[in-house]
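Each remark here refers to the structure printed beneath this line.
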Amino acid sequence: EGSNVDFWFSARRLVSGTTTNFANLDGVNANGKTGKVTFAGWNANNFSQLEPNHYLILFDTTANKQVAAVKLDDKNGQVARPDVQRAYRTVNGALNSGFNYSIDMSQLTFGHTYALVSRYSTSADGNGGDGAYTDYWFNNAFAFNQQAYSVDKLELVAATKDAPKATQPTNGSKAQNAAAKAELKTDQQTDSKATTKGDQQPAATPNQLHVAGWMASDGSGYKNAYVIVLDAKDTKHELGRSQVTLTKRDDVLKAFPTIYNVDQSGFDTTITLSDDAVKAAQADGVQLVLRYTDDKEGNGKLTADQWTTPF
């Protein structure tokens, strides 16, 4: 305890000037072909006098977690903004308050919404969260959920029955020619409709549904693409499916440039249908599901589906 003499200094602000946190998100540009999302804008405040380390953080508001963070400097995302300096002459660091930051779409989750956080911190490590910091949240900065499709062709090709093969080789050995003649004779004896030698009957084919078009989705990062055929009146009844290999579609890229992997969205496939499936399709019509999934069999927990209108 004891006696003491105190001298109280006048209170003094450690930050000079306004304490308003100024910011603007000028634009968000998604490039489906390069697979990048770019955020451009600025954030200026006088707290940067004490918190000189500037970070950008991409935050998944759906999953409530950080996705990525970057410390800005003149070699990494920091952009000079003389226009901001002219508008806010009394704000410390306004000249270097700009940013231009890109992230790979492969780090994003289909269907989720993201916020961008601009942070000034006393800490130079990690995302600046270990020090004193001041944040500006750009809420709902980006939604990773774009999709579009088109079915350009849908054609049912009915099955053909078995037909005998009748082939006469022209350049074979005498033994080969003799064997072929014997086979042809046998075919002609078993089926009076066999063609003359030199012709060939087509092999039997099953019922097939020929489908062509394109399917663009931010969920294309799931890699496995499927076209699934459903009974239009009973969509729990699957009639058939086919895994598709996607092809280049520059026309779709031009129309929808912001969708992930949009340049590789074309498909052309045939789906084998049973006789019962053909009857259901003819009676009820069909509805297609254009799916991206993490499962090679087409049934993954992570899917991005587009349901077409019934045909």
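If you read the sequence from its start, that first residue is 1, and numbering goes on from there.
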(message) Check the orientation of Y114 and F142. Use parallel for under 30°, tilted for 30 to 60°, and perpendicular for over 60°.
(response) tilted

(message) For R81, is there an ion pair with D83 - N to carboxylate O distance below 4.0 angstrom?
(response) yes

(request) Go through T122 and Y133 one step at a time and tell me if the side-chain contact (heavy atoms from CB on, under 4.5 Å) criterion holds. (result) CA-CA 6 Å; T122 58; Y133 57 84; over 6 Å; no

(request) For a side-chain hydrogen bond (donor to acceptor under 3.5 Å, both in side chains) with R119, tell me which candidate from N53, T134, D135 qualifies. (result) D135

(message) Would you say T20 and T18 are linked by a side-chain donor-acceptor pair, where the criterion is simply a distance under 3.5 Å?
(response) yes

(request) Say whether, by atom type as modelled, one donor and one acceptor occur between the side chain of S265 and the main chain of V262 under 3.5 angstrom. (result) yes

(message) side-chain contact (heavy atoms from CB on, under 4.5 Å) for L156 and L273? Distances and angles first, verdict last.
(response) CA-CA 9 Å; L156 179 62; L273 302 180; 4.0 Å; yes

(request) Using a 4.5 Å cut-off on heavy atoms from C-beta on, say whether the side chain of V211 contacts that of L288. (result) yes

(request) Output yes when a side-chain donor or acceptor of N261 lies under 3.5 Å from a complementary backbone atom of Q264, and no otherwise. (result) no

(message) So L58 and Q66, do their side chains get closer than 4.5 Å, heavy atoms only?
(response) no

(message) Do I103 and V79 sit in one hydrophobic cluster, given that two such residues count as connected whenever their side-chain heavy atoms are within less than 4.5 Å of each other, even indirectly?
(response) no

(request) Could you verify whether a donor N or O on one side chain and an acceptor N or O on the other, from Q287 and T308, lie under 3.5 Å apart? (result) no

(message) Using salt bridge (charged side-chain N to carboxylate O under 4.0 Å, His left out), reason through K236 and D234 one step at a time and then give a plain yes or no.
(response) CA-CA 5 Å; K236 292 182 180 180; D234 179 10; over 6 Å; no

(request) Could you note down all residue pairs passing side chain to side chain donor-acceptor pair (under 3.5 Å) where residues 88-99 supplies at least one of them, sequence neighbours left out? (result) S48-N92

(message) Whether the side chain of S220 engages the backbone of Y260 through a donor-acceptor N/O pair (distance < 3.5 Å, no angle test) should be reported.
(response) yes

(request) Kindly indicate whether the side chain of V227, heavy atoms from C-beta on, has any atom under 4.5 Å from the side chain of F267. (result) yes

(message) To the nearest 0.5 Å, what is the distance between CG on L302 and OH on Y292?
(response) 15.5 Å

(request) Show the numbers, then the answer: is there a salt bridge (charged side-chain N to carboxylate O under 4.0 Å, His left out) between D305 and R291? (result) CA-CA 5 Å; D305 289 349; R291 170 174 292 175; 2.8 Å; yes

(message) Would the distance check show the side chain of S242 and the main-chain N or O of V244 forming a donor-acceptor pair, the cut-off being under 3.5 Å?
(response) no

(request) Could you walk me through whether Y226 and T293 pass the side-chain contact (heavy atoms from CB on, under 4.5 Å) test, one step at a time? (result) CA-CA 8 Å; Y226 275 83; T293 175; 4.2 Å; yes

(message) Are the side chains of V28 and V37 in contact, using a 4.5 Å heavy-atom criterion?
(response) yes

(request) Assess the side chains of T113 and T61: does a donor N or O sit below 3.5 Å from an acceptor N or O? (result) no

(request) Show your reasoning for whether salt bridge (charged side-chain N to carboxylate O under 4.0 Å, His left out) applies to R249 and D152. (result) CA-CA 13 Å; R249 289 292 298 258; D152 303 330; 3.6 Å; yes

(request) Ignoring hydrogens and angles, tell me if any N or O in the side chain of Q243 forms a donor-acceptor pair with the backbone of G298 under 3.5 Å. (result) no

(request) Give, for atom OH of Y101 and atom OG1 of T38, the distance between the pair rounded to the nearest 0.5 Å. (result) 10.5 Å

(request) For the residue pair Q147 and D218, confirm or rule out a side-chain donor-acceptor distance under 3.5 Å. (result) no

(message) Is it the case that the side chains of N31 and N29 hold a donor-acceptor pair, with the cut-off being a distance below 3.5 Å and no angle test?
(response) no

(message) Side chains of S106 and D104: any donor to acceptor distance under 3.5 Å?
(response) yes

(message) With a 4.5 Å cut-off on side-chain heavy-atom distances among I, L, V, M, F, W and Y, is there a chain of contacts connecting L253 to I259?
(response) yes

(request) Evaluate the side-chain contact (heavy atoms from CB on, under 4.5 Å) criterion for residues V286 and L154: first the C-alpha distance (whole Å), next the side-chain angles of each, then the deciding distance (0.1 Å), finally the verdict. (result) CA-CA 10 Å; V286 299; L154 184 69; 4.1 Å; yes

(message) Between N224 and D294, is there a side-chain donor-acceptor contact under 3.5 Å, judged purely by atom types and distance?
(response) no

(message) For D284 and H237, which I'm curious about, is there any donor-acceptor pair between the side chains at under 3.5 Å?
(response) no

(message) Within the 4.5 Å heavy-atom criterion, are T19 and N46 side-chain neighbours or not?
(response) no

(message) So, taking the atom named CD in Q306 and the one named CE in M215, what distance separates them when rounded to the nearest 0.5 Å?
(response) 7.0 Å

(message) With a sphere of 6.0 Å drawn around NZ of K33, does it hold more than 12 non-hydrogen atoms of other residues, nucleotides or ligands?
(response) no

(request) Any chance you could measure N140, atom CG, to L25, atom CG, to the nearest 0.5 Å? (result) 11.5 Å

(request) To the nearest 0.5 Å, tell me how far F138 CZ sits from L56 CG. (result) 8.0 Å

(request) Would you give the length of the straight line joining atom CG of N145 to atom CG of L108, rounded to the nearest 0.5 angstrom? (result) 11.5 Å

(message) Ring centroids only, cut at 6.0 angstrom: are F256 and W214 within range, meaning strictly under it?
(response) yes

(message) Could you tell me if the side chain of H210 sits less than 4.5 Å from the side chain of K153, heavy atoms only?
(response) yes

(message) For H112 together with F144, are the ring centres under 6.0 Å from each other?
(response) no

(request) May I ask you to decide if A44's main-chain N or O and Y120's side chain share a donor-acceptor pair within less than 3.5 Å? (result) no

(request) Give a yes or no on whether the ring-centroid distance for F22 and W42 is below 6.0 angstrom. (result) no

(request) Please tell me if the side chains of V252 and D263 come closer than 4.5 Å, counting only heavy atoms from C-beta onward. (result) no

